[in-house]
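Structure below; questions to follow.
Sequence lines set the chain letters: A, B, ... in the order given, protein chains first and strands last, and positions in each chain run from 1.
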Amino acid sequence: MQKYLINNLEDYEGQEVTLMGWASNKRESKGLVFVILRDGSGWCQCVVSLELVGEALFEEARKVTLESSLQITGKVLKDERQMGGFELQASSIKLIGESNDYPIAKKEHGVDFLMDKRHLWLRSQRQWAIMRIRNKIIFAIHEFFQKEGFVQMDAPLFTGNACEGTSNLFETDFYGDPAYLSQSGQLYGEAMAFSMGKIYTFGPTFRAEKSKTRRHLSEFWMIEPEMAFYDIFENMDLIENFLRSVVSSVLAGCEKELAIIGRDTQILKNIVKPFPRLTYDEAVRIIKGEQDVNGKNAITSLEDELSSVKTRIILVQTEITEREEKIKTPGMKKGEIGFNQAQIDKLKQELGDLEENERNIPQWLNSARNFTYGNDLGGSDETVITRLFDVPIMVYNWPHEVKAFYLKRDPDNSKFARGVDVLAPEGYGEIVGGGERETDEKLLIEKINEHQLPMEAFEWYLDLRRYGTVPHAGFGLGLERLVTWVCKLPHVRESIPFPRMYGRLLP
RNA sequence: UCCUUCUUAGCUCAGCUGGUUAGAGCACAUGACUGUUAAUCAUGGGGUCCCUGGUUCGAGCCCAGGAGAGGGAGCCA
């Protein structure tokens with residue numbers, strides 16, 4: 001049997017085709033049933049007319065419920081009003097699988113409920129679009145590295161040693177010995193780069209951070225390229241080309257998906273502009289408001305934001321009260337009441353978010369004003385600084401104390417390590433962390449002791465310095481954080497099919 | 001681990017200073033309507049007000065403890 005897909009209906013205009021999928025919506029009036037069929041490739045309205053199909057099939061169509069699966073045969077007609085530009089005039093309809101009381105209604109839901117129904121939520125249009133963009137990003141990542149001559153080589157997921165400290169690790173039992181789920185393939189990447197020259201790993205990573213924020217997952221996918229004979233500056237060039245290439249692929253190949261989620265693509269298009277490179281010292285001055293960027297000051301723009309949030313809160317509250325009064329007026333049509341109630345729901349949602357901001361911004365302001373030189377940037381500091389830019393920025397040369405033991409000490413100033421973080425614009429913050437690796441065995445041993453890591457677990461790693469060490473560098477990209485920024489999602493949990501996070505193991 | 005907001009019908013939410021039998025919209029069921037776009041209209045069924053204890057003549061509302069969720073800090077991709 002020939003398989004037809006909704007996304008290429010245009011090839012069959014005027015012809016009879018059979019579509020198979022699920023009913024994502026149904027409306028009926030006398031003699032007509034409208035079924036919105038989705039088949040994974042797209043959405044298409046199918047019109048079942050009593051006149052054309054007869055009594056029996058029409059009854060079948062009337063029995064269609066949300067998300068029941070169907071096979072519909074009919075003629076493809078052009079119809080400008082429809083989403084894909086086409087609709088199907090049904091000649092026959094067959095129910096494949098019933099669906100009773102589908103829990104996800106045609107209206108807004110809360111997060112907790114949707115997360116509990118994640119297996120069904122994935123069917124909705126917005127989630128469909130996000131997952132398609134995720135897929136495109138993954139494909140573009142492979143495409144970029146393969147074209148650049150990298151070889152994909154994966155690191156193990158069971159590890160005996162912690163690469164960046166022992167906390168935040170998931171412990172498991174490995175034939176009676178404790179083993180940890182990998183939180184980075186970094187060290188193995190270095191070994192593989194010394195075999196292959198340029199490699200990248202692509203796999204899951206596990207971090208037992210008890211974080212409940214919009215940017216944390218316990219299980220996420222990381223891409224970690226590692227290159228022999230690269231210094232930090234060549235590394236930054238690569239990161240920039242890489243992100244530019246991936247985002248450009250999404251812009252070129254996911255126009256429809258970006259439109260569905262309502263992503264304003266202007267900022268994504270800025271990806272062609274050079275990424276500003278700031279040293280840690282510059283970044284700190286900007287965060288503390290001592291240095292302006294593009295005519296904007298971190299502190300004052302945050303203060304402005306706070307006052308506009310406060311103004312908006314008052315406006316929203318007034319509108320809610322007005323609409324609530326309006327609903328109470330007697331004789332109002334049911335439809336108008338419904339409309340107003342929907343508006344009130346939306347406004348309340350916005351009010352909740354605004355109040356959240358009203359609570360958080362003063363804390364962020366406080367932490368920016370009192371930032372202590374020498375500390376790592378916190379989540380709020382990243383937000384504060386990235387709001388001033390419309391392209392990703394790179395912050396490099398960090399105080400060596402706050403960075404991982406394997407980062408190379410800056411030869412020009414031993415206070416600094418040659419690490420680099422890439423922060424996504426629009427307040428998204430860190431999406432990439434990387435740097436040039438330490439090649440000096442003595443300095444590494446010093447650092448391992450300083451961090452109180454078990455030396456014997458790193459003997460193999462030190463071998464890489466003993467047998468033909470070379471300058472090398474690499475970075476790690478959090479796939480979900482990139483997806484979240486590209487789609488401008490409010491939370492990482494929508495960027496992965498089944499998120500695993502603190503307090504969430506099902507479904 | 002800490003700070004903060006929240007938990008009322010299947011879902012999203014009202015519920016005034018503590019006062020009769022807890023409400024609306026959506027969803028669902030039945031009916032009306034020949035082009036609907038979250039269709040509309042009419043009718044109907046649907047409740048352990050998160051749990052435990054307390055105050056009170058009386059608790060969805062007040063108090064204490066607990067559970068769960070959202071957001072944030074720390075940590076991080």
key: Listed nucleotide nearest any side-chain atom of A:N168, set B:rG71, B:rC75, B:rU36   = B:rC75

ask   = How far apart are the C-alpha atoms of A:F275 and A:F389, what are their side-chain angles, what is the distance that settles it, and do they pass the ring-ring contact (aromatic ring centres under 6.0 Å, His included) test?
value = CA-CA 10 Å; A:F275 298 4; A:F389 293 89; over 10 Å; no

request  = Indicate, with yes or no, if the rings of A:H119 and A:F498 have centres closer together than 6.0 Å.
outcome  = no

task = Can you check whether any acceptor in the base of B:rC3 is under 3.5 Å from a donor in the side chain of A:R359, or vice versa?
result = no

query = Expressed as a whole number of Å, how far does the C1' atom of B:rG45 sit from that of B:rA27?
reply = 13 Å

query = A:E224 near the nucleic acid: base, sugar-phosphate alone, or nothing, with a heavy-atom cut-off under 4.0 Å?
reply = nothing

query = Taking the nucleotide of RNA chain B with the closest heavy atom to each, which residue, A:G478 or A:R62, is nearer the 5' end?
reply = A:R62

message = So A:L477, base contact, sugar-phosphate only, or nothing? Heavy-atom distance under 4.0 Å.
response = nothing

ask   = Between A:H491 and B:rG70, is there a side-chain N or O to OP1/OP2 distance below 4.0 Å?
value = no

key: Closest nucleotide among B:rA39, B:rG35, B:rC76 to the A:V47 side chain   = B:rG35

request  = For A:L88 and B:rU37, give me the distance from atom CG to atom C1', rounded to whole Å.
outcome  = 17 Å

query = So does A:E401 pair up with A:K447, basic N to acidic O under 4.0 Å?
reply = no

task = For B:rU48 versus B:rU34, give the span between their C1' atoms, rounded off to a whole number of Å.
result = 47 Å

note = On RNA chain B, more 5' by nearest nucleotide between A:T65 and A:G31 is A:T65

task = Starting at atom CD of A:E219, determine the distance to atom P of B:rA77, rounded to an integer number of angstrom.
result = 17 Å

query = Atom CZ of A:R207 and atom P of B:rA77: how far apart are they, to the nearest Å?
reply = 5 Å

query = Does any nucleotide pair with B:rC41 by Watson-Crick or G-U wobble geometry, both distances under 3.5 Å, and what is it?
reply = B:rG31

query = For atom CZ of A:F139, is the number of surrounding heavy atoms from other residues, nucleotides or ligands below 6.0 Å larger than 12?
reply = no

task = For A:R493, report the nucleic acid contact type (base, sugar-phosphate, nothing); a contact means any heavy atom under 4.0 Å.
result = sugar-phosphate

request  = Could you tell me whether the side chain of A:R387 and the main chain of A:G427 form a donor-acceptor pair under 3.5 Å?
outcome  = no

inquiry  = By the 4.0 Å heavy-atom rule, please label A:R215 as base, sugar-phosphate, or nothing.
reply    = base

key: Atom C1', compared across B:rU8 and B:rC51: separation rounded to whole Å   = 15 Å

query = Does the pair A:R277/A:E240 count as a salt bridge with the N-to-O cut at 4.0 Å?
reply = yes

key: Sidechain-backbone polar pair: A:K26 side chain, A:T65 backbone, donor-acceptor under 3.5 Å   = no

ask   = How about A:K75: does its NZ atom have over 12 heavy atoms from other parts shown lying under 6.0 Å from it?
value = no

task = Using the P atom on both, measure B:rG74 against B:rC16 and round to a whole Å.
result = 39 Å

note = Applying the 3.5 Å cut-off to both distances, the Watson-Crick or G-U partner of B:rU1 turns out to be B:rA73

inquiry  = Any strand counts, and the cut-off is 3.5 Å on both contacts for Watson-Crick or G-U wobble. Which nucleotide pairs with B:rU21?
reply    = none

ask   = Which part of the nucleic acid does A:W221 contact within heavy-atom distance under 4.0 Å: base, sugar-phosphate only, or nothing?
value = nothing

query = Taking N and O atoms by type only, does the side chain of A:Q45 place a donor or acceptor under 3.5 Å from a partner on the base of B:rU36?
reply = yes

query = Rounding to the closest angstrom, what is the interatomic distance between B:rU36 and B:rU40 at atom C1'?
reply = 10 Å

inquiry  = Need one value for A:V33: base, sugar-phosphate or nothing, where a base atom within 4.0 Å counts as base even if backbone is also close, heavy atoms only.
reply    = nothing

request  = Find the partner of B:rU7: check Watson-Crick (N1-N3 plus N6-O4 or O6-N4) and G-U wobble (N1-O2, O6-N3) distances, both under 3.5 Å, and reply none if neither fits.
outcome  = B:rA67

ask   = Sub-3.5 Å donor-acceptor pair from the side chain of A:H491 to the main-chain atoms of A:T213, do we have one?
value = yes

request  = Write down the distance separating the C1' atoms in B:rU5 and B:rU43, rounded off to the nearest Å.
outcome  = 40 Å

message = By the 4.0 Å heavy-atom rule, please label A:D376 as base, sugar-phosphate, or nothing.
response = sugar-phosphate

inquiry  = Just to be sure I understand the rule, does A:S380 reach a base, reach only the sugar-phosphate, or reach nothing, if contact means heavy atoms closer than 4.0 Å?
reply    = sugar-phosphate

ask   = Rounding to the closest angstrom, what is the interatomic distance between B:rA42 and B:rG25 at atom P?
value = 9 Å

Donor/acceptor link under 3.5 angstrom from A:E356 side chain onto base of B:rG70 = yes

ask   = So which heavy atom on A:S24 is nearest to which on A:L66, and how close?
value = O-CD2, 3.4 Å

query = For nucleotides 7-13 of chain B, read 5' to 3', which letter fits each nucleotide if B means a protein heavy atom sits under 4.0 Å from the base, S means only the sugar-phosphate is that close, and - means neither?
reply = ----BB-

Name of the residue among A:Y396, A:Y230, A:F242 meeting ring pair (Phe, Tyr, Trp, His ring centres under 6.0 Å) with A:F475 = A:F242

task = Scan every strand shown for a Watson-Crick or G-U wobble partner of B:rA59, both distances under 3.5 Å, and answer none if you come up empty.
result = none

message = I need the OH-C1' distance between A:Y502 and B:rG74, as an integer number of Å.
response = 14 Å

query = Can you tell me how far P in B:rC50 sits from the matching atom in B:rC13, rounded to whole Å?
reply = 15 Å

key: N/O (side chain, A:R27) to phosphate O (OP1/OP2, B:rA39) under 4.0 Å   = yes

note = Rounded to whole Å, CD1 of A:I141 lies from P of B:rA77 at a distance of 16 Å

ask   = Can you check whether A:F220 stacks with the B:rA77 base, using ring centres under 5.5 Å and planes within 30°?
value = yes

For atom CD1 of A:I223 and atom P of B:rA77, their distance in whole Å = 13 Å

task = Using a heavy-atom cut-off of under 4.0 Å over every strand shown, decide if A:D381 touches base, sugar-phosphate, or nothing.
result = nothing

ask   = When you check the side-chain N and O atoms of A:N357 and A:E355, is any donor under 3.5 Å from an acceptor?
value = no

key: Among B:rU36, B:rC33, B:rC76, the one nearest A:F34 by side-chain distance   = B:rU36

inquiry  = Taking atom types as they are modelled, would you say the side chain of A:Q363 forms a donor-acceptor pair with the base of B:rG71 within the 3.5 Å cutoff?
reply    = no

inquiry  = Please name the nucleotide paired to B:rC49 by Watson-Crick or G-U wobble geometry with both distances under 3.5 Å, or report none.
reply    = none

ask   = Once you round it to whole Å, what is the distance between C1' of B:rG71 and CG of A:L354?
value = 14 Å

ask   = Under 4.0 angstrom, heavy atoms only, what part of the nucleic acid is A:G352 near: base, sugar-phosphate, or nothing?
value = nothing

remark   = Separation of B:rG72 atom P from A:K212 atom NZ, nearest Å, is 11 Å

request  = Using a heavy-atom cut-off of under 4.0 Å over every strand shown, decide if A:L217 touches base, sugar-phosphate, or nothing.
outcome  = base

